Amino acid sequence: MQRKRQMEGVLVDRRSFEDRKRDLETWLDRTEAKVERMPPVGQTLDVLEIQVKEQKVLQNELHQWKPALESLSRLVDKLTNDISQDEMSRLRDMTSLIYQRYAEISSRIQARSKALQRALNSLQQLDKALDRFLAWLSEAESTFEILESESEKYGPREEMQRVKGWPEHIRELQREIDSQRDLHLTLNERSGQLLQSLESQDDALLLRRKLEEMNQRWNVLRLKTASLRNRLESSAEQWNQLLLSLRELTEWVIKKETELAAQPALGGDVTSILKQQDEHRAFRRQLDDKRPVIENSLLTGRQYVAKEPPLSDTSDSEAKDYETESRGYRSAEEQAREITRSIRRELKKLSDKWNALLAHSEQRHKWMDDVLTKMQILQRTMEEMNSRLQAAEATRARWPPISEFVLDQIQGHLDEIRDFKERVTPLQRYLEDVNEAAGRITGCNVLLSHANLNRLEELNTRWRLLLLAIEDRRKQLESALTDQSTTQQFLNAPVEEPWERAVSGNKVPYYINFSLSSSHLSETTHWDHPKMVELMESLAEYNNVRYSAYRTAMKLRTVQKQLCLDLLNLNNLINAFDQHGLRAQNDKLISITEMITCLTTMYEGMSSEPASLVNKPLSIDLCLNWLLNLFDTSTRTGFIRILSFKVGIVLLCQGALEDTFRYLFRLIADVNGLADERKLGLLLHDCVQIPRLLGEVAAFGGSNIEPSVRSCFEKGGNNKEIQVTHFISWLQHEPQSLVWLPVLHRLIAAENAKHQAKCNICKQYPIIGFRYRCLKCFNFDLCQNCFFSGRKAKNHKLSHPMQEYCVTTTSGEDVRDFTRIVRNKFKSKQHFKKHHRMGYLPVQTVLEGDDLESPAPSPQQSVSSKEMHSRLELYANRLAEVELRTQSNSTPDSSEDEHQLIAQYCQTLSGESVLCVPRSPAQIMAAIDADHQEELKTMIHELEEENSPYSKVYETSSVEISMLSTRFSKLNRLNKNCHLQ
C-alpha cells in the first residue's frame with residue numbers, strides 16, 4: 001500500500017508538472033509573440049510615455065510568472081528519486097529550456113526598458129536645451145537693442161573709442177555669442193535627426209518652425225553684432241583694410257569653390273554617402289563660420305559705397321587711363337575715388353562668388369539627401385527581398401529527396417510544389433521594385449558600389465535559380481509519378497563520399513571508390529556497401545568469445561541492429577510479403593527491383609518509437625546487400641529464390657521464437673501442412689548460409705545439411721513427411737545446425753536483464769546480460785564477458801557444470817541450484833567426464849576443418865576446407881545462373897531438381913561423366929569429397945601414428961581404474977543415502 005501511495009503521489013506530481021509546464025509554455029509563447037510585435041522606440045514624448053507604461057505592465061507580468069517557474073523546478077527536484085534516470089534527464093531538459101526562454105524574454109524586456117529610458121532622457125534634455133538656448137537668445141537680443149539704440153548717436157566715421165565702456169560691452173557680447181556657437185550646431189544636428197525619425201506630421205511641422213525661428217534669430221544676432229562692432233571700432237583707415245579684407249575673402253571663396261568642385265562623386269552605398277555627408281557637413285560648417293565675416297564685410301562695403309557719389313560711365317576708362325598715363329602723385333580725392341571704385345568692384349566679385357558657392361553647396365547637400373533617401377529605400381527593399389528569398393529557399397532546402405517518396409506521396413508533393421510556386425510568384429514584383437529603386441539611383445548619375453551591384457545580381461540570380469528549381473522539381477515529380485518503380489535513386493543518398501552507388505545492367509548495385517593520387521584519379525569497384533564492409537570488419541571483436549554459438553549470436557545481433565531488422569515485426573513482414581504477391585511463390589525468383597520495393601514497404605511499416613530515427617534508405621540498401629551476400633554471392637545474377645529472400649529476413653526480425661519456427665515451416669509445407677525431406681533440405685540450406693557468411697559454419701555441422709534433415713525426420717518417426725509439431729519439437733532440442741538461433745533470442749532477452757549478483761572475477765554488480773552460476777562451487781557467479789573469455793578463478797575450474805540465466809532468477813531456482821551444488825560436491829571428476837552434457841542436439845557431420853572466425857579465418861583453418869566451401873558456393877551460383885537463363889516459374893516438381901544440377905556441376909568440374917543423378921545433399925557432398933579422399937587417408941594415418949604412444953599409457957592406467965572403481969561405488973552409495981535423507 002505504501003508503494004501504491006507513493007506511485008499515486010508521483011502520478012499527481014507528474015500531472016501537476018505537465019499542467020504547469022503547459023501553462024508556462026503558453027504564457028511564454030504569448031509573451032514572445034508580444035515582444036516580437038513591439039514597435040521601435042518612439043521619438044516623441046507622448047509615444048515614449050505610452051511605451052514606458054506598456055513596458056511596466058510587461059515587467060509586472062514577468063515577475064508574476066517567476067514563482068510558477070520556481071515551483072516547476074521544485075517539482076522536478078521532488079520527482080528525482082521516483083522516476084528513471086532517462087525520464088529525469090528529459091524533465092530537466094524541458095525545465096532548462098523553459099528557464100532559457102524566460103531568461104531571454106527577461107533580458108529583452110530589460111534591454112528595451114533601458115532603451116526607452118535613454119530615449120526619454122535624450123528627448124527631455126533636447127527640449128530643455130532648446131528652451132534654455134531660446135531664453136539666452138532673447139536676453140542677447142535685448143542687450144543688442146540697447147547697444148544699437150545708443151550707437152545711433154554716433155556717425156560711422158567717428159572714433160567711438162572715446163565712448164567710455166561701449167567697445168568693451170560689444171566685445172563681451174561677441175564672446176558670449178561665440179561661446180554659444182557649438183551649442184547651436186549641436187541643437188541643429190539633434191533636431192535634424194529627430195525630424196527624420198518623427199512619424200507625426202504635426203510634431204515635425206512644429207519642430208521645424210521652431211528650428212527655423214531659432215536659426216533666423218541666431219544669424220541676425222550674429223550679423224548685427226559683428227556689424228555694430230565693426231562700425232564702432234572702425235577708423236579713418238578702415239576702408240583700406242576693408243578693401244584688403246574683401247580681396248582675401250574673395251580668394252578664400254574661390255579656394256572653397258575649388259575644393260567643392262573637387263569633391264568626389266557620391267558613393268554607391270549608404271555607408272559611403274553617410275561618410276561624404278559628414279565631410280560635406282564639415283565643409284558647410286566652415287562656410288557658416290565664415291558667413292558672419294563675409295556678410296559683415298559686404299554690409300560694411302555697401303554702406304561705404306552708398307555714401308559715395310556714383311561713378312560716371314567713363315569711370316572705368318578713366319581709371320585705365322589714369323593707371324597707364326599717370327602713376328605718380330595722386331590727390332586725396334583721386335585716392336578716395338580709386339578706393340571706392342576698387343571696393344565696388346571687389347564687393348560685386350565677392351558677392352557673386354559667395355552666392356554661387358552657397359548655391360553650389362546647398363545643391364550638393366540636397367542631392368546627397370535625395371540620393372541617401374533613395375539608397376536607403378534600395379537597401380530596405382533588398383533586405384526585404386533577401387528575407388523573402390531566404391524563406392523560400394529554406395522551404396526548398398527542406399524538400400525531401402524524391403527518392404524517399406513512395407508512389408502515393410508523389411501526387412501530394414506535386415500539389416505542394418504548385419502551391420509553393422503560386423506563393424512565391426509575388427516575389428517577382430518585389431524584385432522589380434528593387435530593380436526600379438536601383439534605376440532611380442543610377443538616374444541621379446550615381447554608380448552603385450560593387451557590393452550593391454553584386455547583391456542586386458545575386459538577388460536576381462537566386463530568383464531565377466529558385467524558379468528553375470521549382471520547375472525542375474515539378475518535372476522530376478511528374479517523371480517519378482509516371483515511372484517511380486524503376487529507379488533506385490533514393491538509395492544513393494546514404495552513400496558518403498568518396499563512394500558512389502551505381503547499378504549494373506541486371507539492377508545489381510555496386511559501389512565505386514574514387515581516390516585521388518598524386519598524378520591521377522583512380523576508382524575501384526566493390527559489391528559491398530562501405531557500411532557493410534565496416535560492419536563485417538567490426539565483427540572481428542567477437543572472435544575472442546570461446547563458444548561458437550554465442551559468438552555467432554553476438555555477431556548476428558550486431559548485424560540485426562545495424563540493418564534495423566530488430567524493429568521489423570514478423571506479422572508486418574508477412575503482410576508485406578502478401579501485399580507484394582509473394583505468398584505461395586517460394587520456388588520462384590525475385591529480382592533486385594522487387595526486393596527493393598518489398599523492403600521499402602517493410603521499413604515504411606515500422607510502427608515502433610525509434611522508427612523515426614532509422615535511416616531507411618541506408619537500412620534498405622544494407623539489407624539488400626546482406627541478402628545478396630547470403631544467396632547471390634560471387635556471380636551477382638540479380639535474382640534469388642523468394643524462399644531465400646523470406647528466410648534471410650525472417651530469421652533476424654522481431655518476433656517470438658516459436659512463431660518464427662512456425663512461419664519457417666509454413667514456407668515449405670504443402671496445402672496439407674506437410675513437408676518432405678527435399679523441402680526441409682532447401683530450408684536448412686538457406687538457414688546455414690548465415691553462419692557460413694559469418695565464417696562459423698564448421699562449428700554447426702558444416703554446409704552438409706543431410707544429417708540435420710535425417711535427425712529431424714527421426715524425431716518425426718522416420719515418416720516420409722513431417723508436420724509442424726515434429727519440426728518445432730526437433731528445433732526445441734536445439735539441433736547443432738541451428739543452435740545459434742535460440743541463442744540469439746536468449747541473447748536479446750538478456751540484454752536488459754539485471755541480476756542481483758556480483759561477478760566473482762571482475763566484480764561487476766549487478767550482472768547485466770547473461771548470468772552463469774557454478775553448480776559445483778558455492779555462491780559463485782560469472783558475468784557473460786568473463787564466461788565467454790574463459791577467465792578462471794582460484795577454486796573454480798572451467799570443467800565445472802554451469803547454469804545459464806537470461807532473466808532474473810526466482811527463489812525456487814535458487815533453492816534448486818543449491819541442491820544441485822550439494823549433490824555435485826559428492827561427485828568426482830570422472831563422473832562429470834563420463835556424464836558430459838552437450839548444450840545442443842548433435843548431428844552427424846563430415847569433416848570440414850576447424851571452426852572459422854570472421855572476417856579472417858583462424859590460423860589453423862585448412863586450405864582444403866576453404867576450397868570445399870568455395871566449390872560448393874560456385875555450384876550454387878551456377879545453379880542460380882541456370883535458373884536465371886531458363887526464367888522458369890515452375891516448381892521443382894515439374895523441372896529438374898536443383899540438387900541434380902548441383903551434382904551435375906560437381907561431376908562436370910571433376911571431369912567425370914554423368915552416370916547417375918544425385919538426389920540429396922549428402923550425395924552432393926560425397927561427390928565433392930571424392931577429390932579429398934587421399935588427403936583424408938593421409939590425415940588418418942598421421943593420427944594413428946600420434947596415438948600409438950598413448951596406447952601404453954592406457955594399459956598402465958587400466959590397473960588404476962580398476963582400483964578406483966571400488967572407491968567410486970562407495971561414493972555412489974553415499975550419494976544415494978544423502979539424497980534419500
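Note: hydrogens, waters and symmetry copies are ignored here, and every other heavy atom, side chains too, is used. If you read the sequence from its start, that first residue is 1, and numbering goes on from there. Please read all numbers here as calculations on a predicted model, not as lab measurements.
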Is there a side chain to side chain donor-acceptor pair (under 3.5 Å) between Thr395 and Arg423 once you walk through the steps? CA-CA 12 Å; Thr395 303; Arg423 291 198 304 270; 5.8 Å; no
Taking the side chain as every heavy atom from C-beta outward, state whether [X] and [Y] have any pair of such atoms under 4.5 Å apart.
X	Y	result
Glu61	Lys34	yes
Lys349	Arg247	no
Asp369	Gln277	yes
Asn452	Met382	yes

Do [X] and [Y] have side-chain atoms, one donor and one acceptor, less than 3.5 Å apart?
X	Y	value
Asn386	Glu458	no
Thr461	Arg464	yes
Asp269	Ser272	yes

side-chain hydrogen bond (donor to acceptor under 3.5 Å, both in side chains) contacts in which one or both residues fall within residues 96-105, not counting sequence neighbours: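 Only Asp29-Arg101, Glu32-Arg101 qualify under side-chain hydrogen bond (donor to acceptor under 3.5 Å, both in side chains).
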salt_bridge([X], [Y]) N-O dist < 4.0 Å:
X	Y	answer
Glu383	Arg455	yes
Lys374	Asp370	yes
Glu257	Lys353	no
Arg284	Glu362	yes
Arg181	Asp288	no

Atom pair [atom1]/[atom2] of [X] and [Y] - distance to nearest 0.5 Å:
X	Y	atom1	atom2	value
His360	Leu358	NE2	CG	12.0 Å
Trp354	Ser297	CH2	OG	11.0 Å
Leu298	Leu249	CG	CG	8.0 Å

Anything under 30° is parallel, anything over 60° is perpendicular, the rest tilted; go ahead and classify Trp27 against Trp65.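 Plane angle under 30°, so parallel.
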Classify the angle between the aromatic ring planes of Trp136 and Phe133 as parallel (below 30°), tilted (30 to 60°) or perpendicular (above 60°).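 Ring orientation of Trp136 relative to Phe133: tilted.
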Does the salt bridge (Lys or Arg N to Asp or Glu O under 4.0 Å) test come out yes or no for Glu259 and Lys256, once each step is laid out? CA-CA 5 Å; Glu259 291 179 5; Lys256 290 301 175 184; 3.2 Å; yes
Should Arg285 and Asp289 be marked as a salt bridge (Lys or Arg N to Asp or Glu O under 4.0 Å) after you check the CA-CA gap, both sets of side-chain angles, and the distance that decides it? CA-CA 6 Å; Arg285 281 199 292 269; Asp289 293 339; over 6 Å; no
Are Trp463 and Tyr430, when compared by the centres of their aromatic rings, separated by less than 6.0 Å?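 Centroid separation for Trp463 and Tyr430: 6.0 Å or greater.
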Could you work out, with salt bridge (charged side-chain N to carboxylate O under 4.0 Å, His left out) as the rule, every residue matching Arg380, not counting sequence neighbours?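 With neighbours one apart ignored, the set is empty.
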